[in-house]
Every structure is written in C-alpha cells, then in structure tokens.
Colleague: 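The structure under discussion is supplied below as structure tokens; questions concerning it will follow.
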Amino acid sequence: MLLINNVILGQQVKETLLNGHSAIIPVKGSSMYPFLRNNRDLVTLKSPRPEDLRPGRIVFFQQGEKYILHRIIRKTNDLFLIRGDNRRDTSYEYVPEKNIIGYVSIIHRDGKKISCDNYLWRIISKVWIIATPIRLWLYPIMKHFRERRQT
C-alpha cells in the first residue's frame, strides 16, 4: 500500500479533474459519516458544471492547503455553505465556487456502486440536511439498526 499526503493527492486530483478526467479516491476521516465511511469507501469525482453544484451534493474543495469532501447545504450570494454530515451543530464552511474542484458522482462500497444522482440518494441527502437539529437523536437509532443488521 502506498500512502500519499493529502496535499499531494489533492493537487493531483485537481489537475486530473481540470483536464476533464474523473478520479477515484479513498475516503479518509469521519466528517461525512454515515454517508461516507473512513477507510472503507472510495468515491468517483467529476469536474463540476454550475448546475452540478446544488444543495445535497457532496463536493471536493480546497480550503488553504487542505482538500476536503463535504456536502453543500445551500448557496448564499457568491458562497456555498458547506458542512460535513457528521457535524451536529449548524456551523458552515463558506466556500467560493472557484475553490470547488469536483463533486462525488459515485460511491464505491463493498464492491457495489451507489450513484449520487439516484433519486432515492438525493432525497435522503436532502432529508439529512433538514434533520440537522435532530441528529443527536438519530445517531443512537442508526447505531441500533446497524448493530442489529450485523448480528
């Protein structure tokens, strides 16, 4: 296994997407749990068109030297309000469109592909955004069902 620094990987992905290609990268970190899982999922990134940047979409963006995968919550003026799914508060990252490098089109999990343009996926994504105030109560329920499914 080859470990690549986030900054170097991000720069390579950025160059790849700017050249019109897609890129598949591993998910690192827990900020997008439960939709993206650390060291388990891979995501296919595509270069975004303006119409691809809508609420609910998971985007790959640059913030300083960091490259991050988080979800668009809404757009205000010239900024996108973006947040990780695992956040239980209502704080946002304010990201200009020029810093958004790509968007997640496919999630690869356990040999299966989940399309992020799938109607059900889009509905669940929007419900998750709306559910921000009640996530503290959703996590134990999700954990219970996940544990029951594993037994």
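Throughout, numbering of the chain's residues begins at 1 and tracks the sequence.
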Colleague: Are Ile106 and Trp121 connected, step by step, through hydrophobic side chains (Ile, Leu, Val, Met, Phe, Trp, Tyr) whose heavy atoms are closer than 4.5 Å?
Modeller: no
Colleague: Closest approach of Phe35 and Arg109, non-hydrogen atoms and distance?
Modeller: O-NH2, 2.7 Å
Colleague: Tell me whether Ile68 shares a hydrophobic cluster with Trp128, the cluster being built from Ile, Leu, Val, Met, Phe, Trp, Tyr side chains joined at under 4.5 Å.
Modeller: no
Colleague: Can you tell me which residue pairs pass the ring pair (Phe, Tyr, Trp, His ring centres under 6.0 Å) test with a partner in residues 48-71, sequence neighbours excluded?
Modeller: Phe60-Tyr67
Colleague: Any link between Phe80 and Val59 through a network of hydrophobic side chains (Ile, Leu, Val, Met, Phe, Trp, Tyr) touching at under 4.5 Å?
Modeller: yes
Colleague: Any side-chain heavy-atom pair from Ile129 and Arg71 closer than 4.5 angstrom?
Modeller: yes
Colleague: Taking salt bridge (charged side-chain N to carboxylate O under 4.0 Å, His left out) as the test, write out the residues that go with Arg122, two or more places apart.
Modeller: none
Colleague: Arg83 side chain to Tyr92 main-chain N or O, any donor-acceptor pair under 3.5 Å?
Modeller: no
Colleague: So, using salt bridge (charged side-chain N to carboxylate O under 4.0 Å, His left out) as the criterion, who are the partners of Glu51 when residues are at least two apart?
Modeller: Arg49
Colleague: Is Tyr119 isolated, or which residues cluster with it under the ILVMFWY side-chain rule of less than 4.5 Å, directly or via members?
Modeller: Ile123, Val127
Colleague: Side chain to side chain contact (heavy atoms under 4.5 Å, CB included) between Leu81 and Tyr94: does it pass, once the steps are laid out?
Modeller: CA-CA 5 Å; Leu81 281 63; Tyr94 296 87; 3.7 Å; yes
Colleague: I'd like to know if the side chain of Asp110 and the backbone of Lys112 have a donor-acceptor N/O pair within less than 3.5 Å.
Modeller: no
Colleague: In Å and rounded to the nearest 0.5 Å, what is the OG to CG distance from Ser125 to Asn118?
Modeller: 9.5 Å
Colleague: Could you go through residues 95-105 and list every donor-acceptor pair under 3.5 Å that involves a side-chain atom there, pairing it with any protein atom two or more places apart or in another chain?
Modeller:
unit_1	atom_1	unit_2	atom_2	d
Asn99	ND2	Gln62	O	3.2
Ser105	OG	Thr44	O	3.4

Colleague: Is it true that Leu53 and Ile73 fall in one hydrophobic cluster, defined by side-chain heavy atoms closer than 4.5 Å?
Modeller: no
Colleague: Which residues satisfy the salt bridge (charged side-chain N to carboxylate O under 4.0 Å, His left out) test with Arg74, sequence neighbours excluded?
Modeller: none
Colleague: Tell me, do Ile25 and Leu42 make a side-chain contact under 4.5 Å, heavy atoms counted?
Modeller: no
Colleague: Run the side chain to side chain contact (heavy atoms under 4.5 Å, CB included) test against Asp117 and tell me which residues pass, sequence neighbours left out.
Modeller: Arg54, Arg57, Ser115
Colleague: For Thr76, which residues count as a side chain to side chain donor-acceptor pair (under 3.5 Å) partner, sequence neighbours excluded?
Modeller: none
Colleague: If the threshold is 4.0 Å, N to carboxylate O, is there a salt bridge linking Asp52 and Lys46?
Modeller: no
Colleague: Is there a side-chain contact between Val43 and Leu36 in this structure, where contact means two heavy atoms from C-beta onward sitting under 4.5 Å apart?
Modeller: yes
Colleague: Check the pair Cys116 / Ile107 against side chain to side chain contact (heavy atoms under 4.5 Å, CB included), numbers first and verdict last.
Modeller: CA-CA 7 Å; Cys116 295; Ile107 298 167; 3.9 Å; yes
Colleague: For Asn19, which residues count as a side chain to side chain contact (heavy atoms under 4.5 Å, CB included) partner, sequence neighbours excluded?
Modeller: Glu15, His21
Colleague: side-chain contact (heavy atoms from CB on, under 4.5 Å) with Met32: which of Val27, Ile58, Asn86, Asp41?
Modeller: Ile58
Colleague: Could I get the full list of side chain to side chain donor-acceptor pair (under 3.5 Å) partners for Asn39, not counting sequence neighbours?
Modeller: Lys28
Colleague: Nearest 0.5 angstrom please: Glu65 CD to Ile8 CD1, how far?
Modeller: 10.5 Å
